[in-house]
Amino acid sequence: MEKAAPDSVATGWVAEMIRPLSDQGVGTPASFVSKTFRLDRVGGREVLRISALGLYRCFINGRRVGHDLLTPGWTAYDKRLSFQTYLVADLLVPGENEISIWLGDGWLRSQLMWGKAPIFNTWGEHIAAIAELRAAPEDRDPILVTDASWQSGELPIRKSGIYYGEAFDARLTPVVSAGVEPLPFDSSILVAHETTPVRELVPIEVVRSWTDAEGRTVYDFGQNLGGYVAFSVKGDAGARVEVEHGEVLDQSGQFYNGNYRTAAARFEYTLAGKGEEHYRPTFTFQGYRYARVTISGNARLTHIVSVPISSVTEVKASFTSANPLVNRLVLNTLWSQRSNFIEVPTDCPQRDERLGWTGDAQVFAGTACYLADTQSFFTKWLRDVVADQREDGAVPHVVPDPTRLKPQDYPGFFGSTGWGDAIAQVPWQVYLHYGDTAILRETLPAMVKWVDFVWSISDGPIVSPPRQWGGRGFTFGDWLQPSGPSAKPLPTIGDDAAATIYLFITASLVGRIARIVGETGIAARMEDMASQVKSAFAREFVTASGRLAYDDQTSYALAILHDLVPEEHREAAKDYFKSTILRSEGRIGTGFIGTPALLPSLVKIGEPGIAADVFLQEQVPGWLYQVKMGATTIWERWDAIAPDGSIYNPQMNSYNHYAYGAVCQWLFEGVAGFRPDPQDPGFATIIFEPTIIPELSPVAASHDSIAGTIKAGWSVEGETVTYDVEVPDQSRGLLRLPAGARNAQVDGQAWNGGDEPLSAGQHRIVFELAPAARLGLDKLDINARTP
Ligand code: BGC
């Protein structure tokens, strides 16, 4: 049964949104609505379009419609609700038919947000369904619609929730016990689902299992992910299988999930006692690597697998090098993207959060566009960002935003620089990767409202955010920026500098975007704001010696990458920047917003060797430390597990946050060295500019871009570098060799210096390059100060 084209049914909706009267509210048994109907004949082009408040799964004559998961999906339900369209002829029969739509709490009303202030019924108290069946897509009138004549009843799903998990009693069968009630519903908010559906990926078998002291069995699937376990079981009616989920083992190797906070994250299956039974959840998913199974009563599992689910079903890039830790880091980033691209780009898939955090999405967007085709995924999400944006332009911290309709416990949960900037940064990446000007045009008004909001925080070019959470313009700053030993903390960036830098970054970008879409008036205004911020930044945060006020890695990385340091201070600022790296013994000193800028800015100041040292060092904080400690996804915190195996404070410690995986953008664009040209986006023109790190040789990367497959890789023999690139048929390349490259040959021809155009096809570039200056960490005397 295939999916029908989303907008194949063009006419307006006549069906009603009907709620099951069997439903007792959030956290109670799930319900179904159903209808039996007669068909004289099945024409073969019957099409069903369907949506729901809450999550739905539809069955016709007992057979499931489609394979999509967590439908209709997650959007800002009060303003936008997705629907799906399916060709269902193969499920229908001439004569009596029965349609049943199962409904679960889902994101609509199960718990969202955390701790002492969980939110329930965020977008409504009632689960409900709306559906129309037509004999053919072009038919104006449906042959069946949801209306007051349908019936309802309870399901064997006794409780379900995104965080909670699911309880299923297989002894029960769905029985009609009540009618339905049409709800007041504005069908104009229904939109055809805008991206790839959530689907199951290849299941993963158990790699190790053991029984703990309490007789429970712990299964290790070897891969942390977002998804669910699926098992088969045999036993007596009434026997129960309980499944708990964990991402890591504690210091003594025991099952651990203290970091899930108030997310119960469990499944309970009660056996019907009818031979081999099979279970996987319907209305939830969990984030985990380990599953702990408790069986009560006489039953035994005959099989259990881990089923990853994601909106990302195809991998569009690869990066390999001589360093297995680096290669695993890329794989961990991919798994964190898969785990957190489930309808919405979320922060994490396991604890009582799993929210569309804007800051995380903006720093990760570039990487996300390499590893997968995210054009429609981000387009859908950006429309919800616009829907949730506040009147005064403030962009919320999370989208879809539960606090817009339920602000009481989370007042002012919007307006953070570095987070709200997703409204400009994410469309920009979609434009660069897919040449998509439509998304720029569509989101530009929201971008401008955001820049005006940030300017209004302190009514001027220097942004001074309030300290208190929920204050207007509160910022997360450089969230989770490491500050070294508590006894002698390292400098970190101040909120005012972080906010002011981001105002400059985004005002400049929105000006550029406005020019691209021909909005010259807006462009001029944004560019003027940006230049005011630039000169104010120099006055406020650049000292006479060229040191930046907060003198931390994030300040230098962002200011240097975005050309905020005045010309006359650039050389001095470079030295101060280097000393922040020396001060931390070559370790990372950046958080969520500083980290993506750290390595590119070091290469920009002509220190690829220092960038290599920082990237390749294996101590905490560092990218490779977590891989060495056994991570199979990206950690939220650099120090999530200490070298002695002890686990960091569970209050905020996810082992599956993609934010720090944003370094992969640098592996593709910086190290392998290919990126889209903003002048000619969508990889119509590809800029090739590698950064040579001899320890990683050979490096090989590829990306299935919208323009075709791009390849780039290099190997180093002594001081000779061989750089092989492949330019897709419809594209052209622009070669930029690293500073210091000499005796270069392109396809055997002498390189003429400057940007070298490359035609479609394969090219071999050979050049010599002296090893870059390194930090010399091994002989580093931390007390030495330069200058
Ligand atoms: C989330 C992050 C988010 C941060 C900002 C955390 O709780 O998990 O993803 O960026 O809060 O405060």
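Read the numbers this way: they start at 1 and go in the same order the structure lists the ligands and their atoms. In what follows, residues are counted from 1 in the order of the sequence shown.
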Students should be able to answer this: which protein heavy-atom is nearest to [atom], and at what distance?
atom                   : result
atom 7 (O) of ligand 1 : Glu353 OE2, 2.6 Å
atom 5 (C) of ligand 1 : Trp357 CZ3, 3.5 Å
atom 9 (O) of ligand 1 : Asp360 OD2, 2.6 Å
atom 4 (C) of ligand 1 : Trp479 NE1, 3.4 Å

Review point. Strictly under 4.0 Å, does any heavy atom of Arg351 approach an atom of ligand 1?
Key: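 Checking ligand 1 against Arg351, which is what was asked, there is a heavy-atom contact under 4.0 Å.
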Review point. Under a heavy-atom criterion of less than 4.0 Å, does His397 contact ligand 1?
Key: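 Per 4.0 Å heavy-atom rule, His397 does not contact ligand 1.
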Check your understanding: Heavy atoms, side chains only, cut-off 4.5 Å: are Thr374 and Tyr434 in contact?
Key ->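 Yes; the side chains approach each other to less than 4.5 Å.
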Tell me whether [X] forms a cation-pi arrangement with [Y], defined as NZ or CZ under 6.0 Å from the six-membered ring centre and within 45 degrees of its axis.
X      : Y      : value
Arg637 : Tyr648 : yes
Arg338 : Tyr658 : no
Lys159 : Tyr164 : yes

Practice item. Could you tell me which atoms of ligand 1, counted from 1 in the order shown, lie closer than 4.0 angstrom to a heavy atom of Glu636? Key: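 Those qualifying, in numeric order: 8 (O).
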Exercise for review: Taking the six-membered ring for Trp and the single ring otherwise, decide whether the centroids of Phe414 and Trp419 are under 6.0 Å apart.
Suggested key: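 No, too far apart.
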Review point. Pick from Thr595, Thr590, Thr554: which one makes a side-chain hydrogen bond (donor to acceptor under 3.5 Å, both in side chains) with Gln481?
Key: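 With Gln481 as partner, Thr595, Thr590, Thr554 yield a single side-chain hydrogen bond (donor to acceptor under 3.5 Å, both in side chains), made by Thr554.
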